[in-house]
A.B. asks: 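Attaching a single structure in structure tokens format; questions to follow.
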Amino acid sequence: MELSKNYLPSEVESKWYAHWNEKGYFNSTPDDRPAYSVVIPPPNVTGVLHMGHCLNNTIQDILVRDARMKGYNACWVPGTDHASIATEAKVVAMLRERGIAKSSLSRDEFLQYAWEWKDKYGGIILQQLKKMGCSLDWDRTSFTMDDDYYKSVIQVFIDLYKKGHIYRGKRMIHWDVKAKTALSDEEVIYKEVNSKLFHLRYHIEGEDAAAQMGITIATVRPETILGDAAICVHPSDARYQHLVGRFALVPLINRRIPIIADEYVTPDFGTGALKVTPAHDMNDYQLGLKYQLEIIDTMEDDGTMSAAATLFVGEDRLEVRKKIIPLLEAAGHLVKTEEYINQVGFSERTDAMVEPRLSLQWWVSMKTLSKPALAAVMDDQIHFHPAKFKNLYRHWMENIKDWCISRQLWWGHRIPAYYAPDGSFAVAASVEEAWEMLQQTQPDLLKASIRQDEDCLDTWFSSWLWPFEVFHGLSQPNNAEIKYYYPTNTLVTAPEIIFFWVARMIMAGYEYMGELPFKDVYFTGIVRDKLGRKMSKSLGNSPDLLALIDQYGADAVRFGIMIASPAGNDILFDESGLEQGRNFNNKMWNALKLIQMWKLRIGHADESAKPDFAMNWFEHRLNHTRKEVASMMEQFRLSEALKTIYSLIWDDFCSWYLEWVKPGFEQPIQAAVYERTIGYFEQLLQLLHPFMPFITEEIYHLLQQQPSDLCTKPYTQIPDIDSNLVNAGELLKQLISGLRDARIKNQLKPKTPVHLHIQTNEEKQYDAIRSILAKQINATEVSFTNEPIAKSIVVAIEKDRFYLETAEFQETGAQLETLQKDLAHQHQFLEQVRKKLQNERFVQNAKPEVIELERKKEADALARIQTIEASIAGLQ
RNA sequence: GGGAGCAUAGCUCAGCUGGUUUAGAGCAUCUGCCUUACAAGCAGAGGGUCCGCGGUUCGAACCCGUGUGCUCCCACCA
């Protein structure tokens with residue numbers, strides 16, 4: 001078969017993916033083999049493939065494919081997350097385009113649109129993963145709002161409520177006054193704003209001198225003074241100590257508020273006195289709780305002043321900010337006004353200035369749940385890669401705060417709390433159950449009067465069940481699959497969700513399965529652009545992944561992203577890595593072409609061409625590298641493993657081995673050489689397969705008829721390695737490079753033949769490599785000599801001297817220069833080694849092996865010097 | 001403000017337990033080659049104050065301290 005000039009990935013990739021899928025290689029069911037299970041971090045159902053997914057899923061695929069070839073029953077579970085906020089926003093936007101306002105729809109109508117949207121557009125990303133070659137078990141595709149899954153989420157809520165871990169409580173949230181909705185922290189964008197810092201003097205109750213002075217606070221939000229509940233100073237602030245415990249009067253309305261002391265206050269900011277408005281500031285609310293201050297909510301949900309404000313009722317808070325200052329000034333409260341730049345939150349959706357607002361939310365108490373989860377990581381039952389994230393994890397877990405799980409959204413798992421008209425409620429799986437429970441205290445309660453909580457649960461409240469619920473661990477307890485696949489083996493995720501997701505999965509794992517959810521966690525880096533910016537949709541700096549796959553091939557994309565990404569380190573994405581991957585494809589493709597040509601010329605080869613050394617060397621070199629790679633894979637050093645394989649294939653196999661065994665022009669090749677070469681190539685392809693599955697499968701089948709596919713082929717055991725043979729190969733490489741360098745430096749044309757004379761004490765050492773050496777440096781003859789050869793190029797390598805004799809030789813001075821440079825270098829080196837050896841303390845303290853090595857270095861350097869000096873003498 | 005991390009060739013980064021023949025790779029650069037697998041290639045070469053300073057050690061890119069510069073996460077000071 002005629003092969004194309006270059007490797008053409010697109011057809012090959014779709015062909016093999018379809019084939020693998022058809023054969024069901026990626027499907028897993030429990031059997032006698034040990035399991036290796038991985039659950040995908042479920043991408044948002046709204047998502048499209050970006051570089052982060054590409055990195056993350058390539059890593060998982062490498063681990064899963066490697067495990068499969070190691071003989072594990074590998075199971076990689078795909079799925080998507082309902083992503084309440086993101087999806088609801090998309091659906092709202094879609095409706096808006098169609099001229100439908102969310103507020104005009106009932107909850108059920110809205111959800112119907114949402115499901116339609118999900119069925120149509122959701123899960124595009126899963127299709128895209130197929131393009132990348134991900135070996136997922138598609139029959140297991142899960143969704144966090146599947147029926148069983150939904151029920152489990154509700155069951156967990158009810159269970160935690162019964163155990164007392166879930167409670168209802170007030171909380172400050174970010175409020176969007178335009179959309180009249182709560183915002184999650186992620187939806188608030190902080191911007192620098194030019195504000196004014198007003199210094200306002202409050203009167204103090206009483207008639208003494210201190211009261212006459214009053215107390216001056218600084219604020220950028222003077223309209224909120226109407227909701228003031230206290231003034232707070234630092235306990236050790238000498239200026240105010242005498243005022244603590246007394247009362248101040250709120251300007252304009254003369255409400256009496258206490259002066260309290262707390263270390264929260266920064267003495268050197270503003271005046272060192274802080275007005276406390278618990279209803280309208282996150283931190284003030286905390287102070288309010290601590291000192292049991294009155295909470296005066298002076299604002300309506302649309303941002304206008306409420307009746308509680310007593311002044312400006314019905315006017316917008318930003319208008320009031322302008323209007324209240326002249327009043328304060330007129331009444332003598334304004335001490336001074338400073339220009340001030342501060343950070344203010346704005347709504348991502350409406351750009352409205354966000355208002356902190358108090359509301360009733362559902363919470364999970366974290367204290368008890370977090371304990372086993374912290375211990376599991378600190379005791380290394382769960383291993384983090386890289387381990388540096390352990391510190392971060394501990395710090396967070398030790399300072400963990402309760403988790404607010406309610407969201408003012410419709411798309412998601414609806415909170416299973418049911419309210420009677422009097423405000424009492426029951427937590428239950430259905431309205432019927434709730435009715436029964438409520439009837440115990442309210443026998444006359446009508447079922448129709450019961451209302452379910454309008455809010456949904458935080459997305460993470462469902463995804464924390466992911467590692468076991470994809471196997472129905474909770475909905476069908478103790479089923480065969482959960483017993484077989486759980487705990488899963490490795491979780492691959494981004495460090496930014498270590499708290500949102502990883503920590504919580506560990507907690508849920510212990511709480512509901514009594515066991516850790518995974519044994520290893522591999523944290524990927526963040527993919528950045530060339531300028532170091534995080535790739536994101538809003539910056540528009542994320543390249544179109546499918547276009548890249550079209551251009552370079554999926555294998556090259558996988559190569560490009562993996563070669564630059566050690567665990568936990570950010571990667572700067574650069575297309576040059578993909579080019580390297582594509583070139584690597586071509587390199588292997590061309591090696592295939594070469595070997596295919598040989599097939600036509602198998603026959604009796606010339607006895608002088610003895611490639612036995614090359615074959616034996618490569619066999620050991622290959623096994624040596626297989627060992628290295630296996631150890632790197634164990635340690636999750638995937639990037640290094642790939643580099644090692646790349647260099648083994650390109651340098652050792654293509655550049656050295658194939659050249660060494662290659663027959664001369666139109667010469668036949670021995671059948672044994674051909675067979676062994678194919679065997680090595682197959683092993684190389686297998687080693688690379690987890691990283692670049694498509695091209696390896698393709699070449700594997702083109703090399704010769706195969707009994708099975710590469711992706712299911714088990715690795716063979718690695719035989720013992722003869723390191724002498726490996727070293728002999730390295731020496732041969734060194735000789736070839738050294739002699740080629742001498743040829744170039746002396747301006748010999750590549751085609752100019754030479755006669756190589758070797759002056760050595762160990763002629764035998766050259767037996768095996770003589771013919772290879774001759775071919776690689778274009779020597780027509782190789783012989784030994786006891787004395788320098790006149791009018792030749794002299795080269796000193798290790799302890800031996802080499803003379804390149806040729807008719808075209810011209811004295812250029814280049815060789816003398818090379819020798820003298822080398823000599824100087826050796827002298828310097830020798831001096832360094834001797835300094836060490838002459839240091840008594842070194843000889844006394846260093847390990848014997850180290851000293852032995854230094855002695856060897858000294859002896860080698862001496863021998864080298866002798867060789868070089870003799871060479872120079874021969875020249876002169 | 002709290003926490004974590006980084007600084008090694010022009011660029012992007014490896015360098016594991018301190019000692020492996022005076023620090024490695026890819027890209028870029030330079031020289032020579034269109035050699036019947038491959039010019040997206042081959043054969044070579046050059047390129048380093050391992051951020052500065054101090055310390056520990058027989059020995060430091062690696063350990064400790066300190067300074068400088070940068071990055072990320074968390075919290076958002078009225």
Side-chain angles (χ1 to χ4, degrees), chain A residues 3 5-7 188 190 197 217-221 224 232 264-266 269-271 273-277 281-284 340 342-345 388-389 391-392 395-396 399 495-496 498-499 526 528 530 532 534 563-566 568-572 574 576-577 579-580 582-598 632 635 637 639-640 643 646-647 654-655 658-659 662 665-666 736-737 740-745 747-751 776 778 825-826 828-833 836 839-847 849-851 853-854 856-858 860-861 864:
Chain A
L3 295 178
K5 179 166 156 46
N6 284 330
Y7 173 65
V188 177
Y190 288 89
L197 188 63
I217 57 90
T219 182
V220 291
R221 305 194 53 193
T224 64
C232 189
Y264 164 71
V265 178
T266 315
F269 184 89
T271 63
L274 166 77
K275 72 183 209 58
V276 183
T277 321
D281 183 279
M282 300 278 179
N283 296 299
D284 289 9
Y340 181 62
N342 64 342
Q343 303 270 326
V344 177
K388 68 179 177 187
F389 288 112
N391 283 334
L392 190 68
H395 184 256
W396 191 75
N399 297 287
E496 50 204 0
I498 186 169
F499 311 131
I526 294 166
R528 300 176 180 285
K530 267 191 199 164
K534 189 170 163 177
I563 202 75
S565 60
N569 278 24
D570 287 359
I571 68 171
L572 291 194
D574 186 344
S576 75
E579 275 174 40
Q580 203 187 335
R582 178 199 57 194
N583 295 352
F584 187 31
N585 278 341
N586 283 334
K587 189 69 188 175
M588 290 187 283
W589 188 248
N590 279 297
L592 167 71
K593 276 162 64 179
L594 175 68
I595 293 169
Q596 283 212 335
M597 282 174 54
W598 291 351
M632 287 168 184
Q635 297 168 68
R637 285 154 60 184
S639 181
E640 266 180 89
K643 268 179 208 169
Y646 172 80
S647 158
C654 293
S655 296
L658 288 179
E659 294 298 332
K662 194 186 207 172
F665 182 53
E666 293 194 334
I736 294 169
S737 294
R740 279 174 176 168
D741 184 32
R743 287 185 59 116
I744 288 176
K745 285 221 170 80
Q747 295 169 9
L748 291 191
K749 292 254 153 47
K751 282 178 180 161
Q776 295 298 295
N778 194 15
H825 172 225
Q826 291 299 332
Q828 215 180 342
F829 178 69
L830 179 66
E831 202 182 325
Q832 229 179 29
V833 173
K836 248 189 197 177
N839 182 337
E840 271 176 42
R841 290 204 286 182
F842 169 75
V843 181
Q844 277 164 17
N845 294 317
K847 281 183 272 181
E849 314 83 276
V850 175
I851 297 170
L853 185 67
E854 291 301 315
K856 186 170 182 310
K857 281 188 199 171
E858 185 187 29
D860 287 353
R864 290 273 302 133

A.B. asks: Counting the benzene-type ring for Trp, do Y340(A) and F269(A) have ring centres under 6.0 Å apart?
C.D. replies: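 Centroid distance Y340(A)-F269(A): below 6.0 Å, so yes.
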A.B. asks: What's the gap between G2(B) and C76(B) when it is taken at their C1' atoms, as a whole Å value?
C.D. replies: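 So the two C1' atoms sit 12 Å from each other.
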A.B. asks: Measure the distance from CZ on R582(A) to P on A39(B) and round it to the nearest whole Å.
C.D. replies: 13 Å
A.B. asks: Think S737(A) has a side-chain N or O under 4.0 angstrom from the OP1 or OP2 of G44(B)?
C.D. replies: yes
A.B. asks: When rounded to the nearest Å, what value does the distance between C1' atoms of G26(B) and G47(B) take?
C.D. replies: 15 Å
A.B. asks: Using a cut-off of 4.0 Å on non-hydrogen atoms, how would the nucleic acid contact of T277(A) be classed: base, sugar-phosphate, or nothing?
C.D. replies: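 Nothing, no heavy atom under 4.0 Å.
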A.B. asks: Rounded to the nearest Å, what distance is computed from the CE atom of residue M588(A) to the C1' atom of nucleotide A40(B)?
C.D. replies: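 Those two atoms, CE and C1', are 13 Å apart.
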A.B. asks: Just wondering, more than 12 heavy atoms not from E659(A) lying within 6.0 Å of its CD?
C.D. replies: yes
A.B. asks: When all nucleic acid strands are considered with a 4.0 Å heavy-atom cut-off, which category describes R740(A): base, sugar-phosphate, or nothing?
C.D. replies: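 Answer is sugar-phosphate: R740(A) comes under 4.0 Å of backbone atoms only.
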A.B. asks: Looking only at atom P, what distance separates U21(B) and U66(B), rounded to whole Å?
C.D. replies: 35 Å
A.B. asks: For a quick test of reading the model, state the closest non-hydrogen atom pair linking F829(A) to K857(A) and the distance between them.
C.D. replies: CZ-CD, 3.7 Å
A.B. asks: For K643(A) and C13(B), give me the distance from atom NZ to atom P, rounded to whole Å.
C.D. replies: 11 Å
A.B. asks: Looking at every non-hydrogen atom in both residues, tell me the closest pair between K662(A) and L594(A) and how far apart they are.
C.D. replies: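 Minimum heavy-atom separation between K662(A) and L594(A): CE-CD1, 4.2 Å.
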A.B. asks: Minimum heavy-atom separation for A591(A) and C654(A), please, with both atom names.
C.D. replies: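 Heavy atoms only, the tightest pair is CB-SG, 4.1 Å.
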A.B. asks: For nucleotides 74-78 of chain B, tabulate all protein N/O to nucleotide N/O atom pairs closer than 3.5 Å, reporting atom names and distance.
C.D. replies:
| residue | atom | partner | partner atom | Å |
| --- | --- | --- | --- | --- |
| C77(B) | O2 | T266(A) | OG1 | 3.2 |
| A78(B) | OP2 | Y340(A) | OH | 2.7 |
| A78(B) | N6 | T266(A) | O | 3.0 |
| A78(B) | N6 | F269(A) | O | 2.9 |

A.B. asks: My understanding is that a pair needs two contacts under 3.5 Å, Watson-Crick or G-U wobble. By that rule, which nucleotide pairs with C11(B)?
C.D. replies: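 Its partner is G26(B).
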A.B. asks: Using 0.5 Å steps for rounding, measure from the CD atom of E854(A) to the CD atom of Q832(A).
C.D. replies: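 So the CD of E854(A) and the CD of Q832(A) are separated by 9.0 Å.
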A.B. asks: Counting only Watson-Crick pairs (N1-N3 plus N6-O4 or O6-N4) and G-U wobbles (N1-O2, O6-N3), all under 3.5 Å, who is the partner of C51(B)?
C.D. replies: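 The base-pairing partner of C51(B), which may sit in any strand shown, is G67(B).
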A.B. asks: Minimum heavy-atom separation for A846(A) and I851(A), please, with both atom names.
C.D. replies: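 Looking at all heavy atoms of both residues, the closest pair is O-CD1, 3.6 Å.
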A.B. asks: Taking atom P of C38(B) as reference, at what distance in whole Å does atom CG of N6(A) sit?
C.D. replies: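 That distance rounds to 10 Å.
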A.B. asks: Got a sec: does the CD of E840(A) have more than 12 other heavy atoms crowding it under 6.0 Å?
C.D. replies: no
A.B. asks: Work out how far the P atom of U12(B) is from that of C70(B), and round it to whole angstrom.
C.D. replies: 16 Å
A.B. asks: What is the base-pairing partner of C33(B), counting Watson-Crick and G-U wobble geometry with both distances under 3.5 Å?
C.D. replies: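 Pairing partner: G41(B).
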A.B. asks: Enumerate all atom pairs, one protein N or O and one N or O from nucleotides 32-37 of chain B, separated by less than 3.5 Å.
C.D. replies:
| residue | atom | partner | partner atom | Å |
| --- | --- | --- | --- | --- |
| A37(B) | O2' | N590(A) | OD1 | 2.6 |
| A37(B) | N6 | C654(A) | O | 3.4 |
| A37(B) | N6 | E659(A) | OE2 | 3.0 |
| A37(B) | N3 | N590(A) | O | 3.0 |
| A37(B) | N3 | A591(A) | N | 3.3 |

A.B. asks: For C62(B) versus C53(B), give the span between their P atoms, rounded off to a whole number of Å.
C.D. replies: 13 Å
A.B. asks: Can you confirm whether P495(A) sits close enough to F389(A) that some side-chain heavy atom of one is under 4.5 Å from a side-chain heavy atom of the other?
C.D. replies: yes
A.B. asks: R637(A) CZ to C13(B) P: how many Å, rounded?
C.D. replies: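 Between P of C13(B) and CZ of R637(A): 19 Å.
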A.B. asks: Can any side-chain N or O of K745(A) pair as donor or acceptor with the backbone N or O of R740(A) at less than 3.5 Å?
C.D. replies: no
A.B. asks: Look at the side-chain N and O atoms of N586(A) and state whether any lies under 4.0 Å from the OP1 or OP2 oxygen of G41(B).
C.D. replies: no
A.B. asks: With a 3.5 angstrom cut-off on both distances, give the Watson-Crick or G-U wobble partner of G1(B), or none if there isn't one.
C.D. replies: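 The base-pairing partner of G1(B), which may sit in any strand shown, is C74(B).
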A.B. asks: Would you say R864(A)'s side chain and Q826(A)'s backbone share a donor-acceptor pair under 3.5 angstrom?
C.D. replies: no
A.B. asks: Walk me through whether Y7(A) and L592(A) qualify under side chain to side chain contact (heavy atoms under 4.5 Å, CB included).
C.D. replies: CA-CA 10 Å; Y7(A) 173 65; L592(A) 167 71; over 6 Å; no
A.B. asks: For U20(B), give its Watson-Crick or G-U wobble partner with both distances under 3.5 Å, or none.
C.D. replies: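 When the pairing criteria are applied, nothing turns out to pair with U20(B), so the answer is none.
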A.B. asks: For the residue pair K275(A) and R221(A), what are the closest heavy atoms and their distance?
C.D. replies: CE-O, 3.9 Å
A.B. asks: Round to a whole Å and report the spacing from CZ of F829(A) to P of U20(B).
C.D. replies: 9 Å
A.B. asks: On a whole-Å scale, what distance lies between the C1' atoms belonging to G48(B) and C42(B)?
C.D. replies: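 Straight-line distance between the two C1' atoms is 28 Å.
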A.B. asks: Taking the C1' atom in each of C6(B) and A43(B), what is the distance between them to the nearest angstrom?
C.D. replies: 38 Å
A.B. asks: Round to a whole Å and report the spacing from OH of Y646(A) to P of C13(B).
C.D. replies: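 Rounded to the whole Å, the gap is 18 Å.
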A.B. asks: Can you give me the N/O atom pairs linking the protein to nucleotides 57-64 of chain B at distances under 3.5 Å, or say none if there are none?
C.D. replies:
| residue | atom | partner | partner atom | Å |
| --- | --- | --- | --- | --- |
| C58(B) | O2' | N839(A) | ND2 | 2.7 |

A.B. asks: Minimum heavy-atom separation for T271(A) to I217(A), with atom names?
C.D. replies: OG1-CA, 3.4 Å
A.B. asks: Could you tell me whether Q832(A) contacts a base, only the sugar-phosphate backbone, or nothing, with contacts defined as non-hydrogen atoms closer than 4.0 Å?
C.D. replies: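 Since a base atom lies under 4.0 Å of Q832(A), the category is base.
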A.B. asks: To the nearest angstrom, how far is Q580(A) atom CD from U12(B) atom P?
C.D. replies: 16 Å
A.B. asks: Roughly how many Å apart are G59(B) and G18(B), using the C1' atom of each and rounding to a whole number?
C.D. replies: 8 Å
